[in-house]
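As a basis for the values below, the full set of heavy atoms in this structure was taken, side chains included, without hydrogen atoms, waters or symmetry mates. Position 1 is the first residue of the sequence; numbering continues from there.
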Amino acid sequence: MSSSGHLGEFLRARRARLRPEDVGLLTPPGQRRVPGLRREELAQLAGVSVSYYTRLEQGQSTNASDGVLDALATALRLDDYERAHLHELATQRPRPRKRPPVERVKDATRELLHALGDVPALVVGRRTDVLAWTPMGHALLAGHLDPAAPEQPDQRPNLVRMLFLDPHCRELYVDWDRKARGLVASLRGVAGRHPEDALLASLVGELSMKCPEFVALWGDHRVKPCVGDTFRLRHPLVGELTITQQSLQLAHSPEQSLVVVTAEPGSASADTLDLLAHLTAAPHRSTPSTPEDVTAQR
């Protein structure tokens, strides 16, 4: 799909989310044929002609000014992330999709991971590929996978693919729906900035074919980066715990993020992380292999 097509999809999705009463419009009684604002209603709120807005939504106009885009963003009640996304979609020019170079982790980033010790942490690429992880990052979030997988570009775990298609990861998050919405909203923003990324398009296509839940969330067009949030995990080895995930952009690799996991100091969840760190550091990492074995060590 062209960038103008993505722009039209985004405008239609945001328009459908608003009701006339949300923006102070009075409507006569009776059933409306559209769930949200009509085109003419949005055009009126933004101060543009209906014909111009229609051409914009249909991809027939590609030269919207910043003033028009800001007016539309205000009328649609977009937040700062969605406003920036709208500008990105509107200013893109058609470019052929291409396979980007393999993402690599710099030595300085590996040194940082090593310095984190027993802290669960991941280095994540722009498509949410796991490029590297600490032993605890692997043990907490994907202990069922080969710990060396991030070192092999064609086998790297992908956080979005895992969340939707890997039963272990679906079970890991107690509030799976909230985690899924957050990751998809973040990926939407990346897709807006990199429409030429063939690997990203392939990932979206794969998930769209295999997972109706992804299709619904992707079609909602929500945009928000994953900066930080608190989640309840249901870990198969050490049980339930509450963790905070924070995503930090790497200054020397701006397309990569360092995801760090912490628990409240002195809490039961912190004790659970300590137990997992102990098990991960043990020479016989394959044991204890069941929750019952872990319980015996508490």
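Here E103 pairs with R127 in a salt bridge; the nearest charged N to carboxylate O distance falls below 4.0 Å. A salt bridge links R83 with D70: the distance from a Lys NZ or Arg NE/NH1/NH2 to an Asp or Glu carboxylate oxygen falls below 4.0 Å. Electrostatic pairing of R15 and E57 counts as a salt bridge here, judged by a charged N lying under 4.0 Å from a carboxylate O.
A donor-acceptor distance shorter than 3.5 angstrom exists from the side chain of T134 to the backbone of V119, with no hydrogens or angles considered. Formation of a donor-acceptor pair under 3.5 Å by the S267 side chain with backbone atoms of A270 is found in this model.
Transitive grouping of hydrophobic side chains (ILVMFWY, heavy atoms separated by less than 4.5 Å) keeps L199 and F214 in distinct clusters. If you chain together hydrophobic residues whose side chains sit under 4.5 Å apart, Y52 and L69 fall into the same group. Grouping the Ile, Leu, Val, Met, Phe, Trp and Tyr side chains by contacts below 4.5 angstrom, directly or via other members, places V123 apart from V259.
Proximity of S269 to E264: side-chain heavy atoms (C-beta onward) are nowhere separated by under 4.5 Å.
For the residue pair H194 / E255, a side-chain donor-acceptor distance below 3.5 Å is found, with atom types taken as modelled. When only modelled atom types and interatomic distance are considered, H235 and T272 share no side-chain donor-acceptor pair under 3.5 Å.
Closest heavy-atom contact between R126 and P100: NH2-CB, 4.0 Å. Across T262 and L273, no two heavy atoms sit closer than the pair C-CD1, 4.4 Å.
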So W176 and F231, ring pair (Phe, Tyr, Trp, His ring centres under 6.0 Å) or not? Walk me through it. CA-CA 9 Å; W176 180 88; F231 297 98; over 10 Å; no
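Here CG of L18 is found 8.0 Å from CG of L42. Values are rounded to the nearest 0.5 Å.
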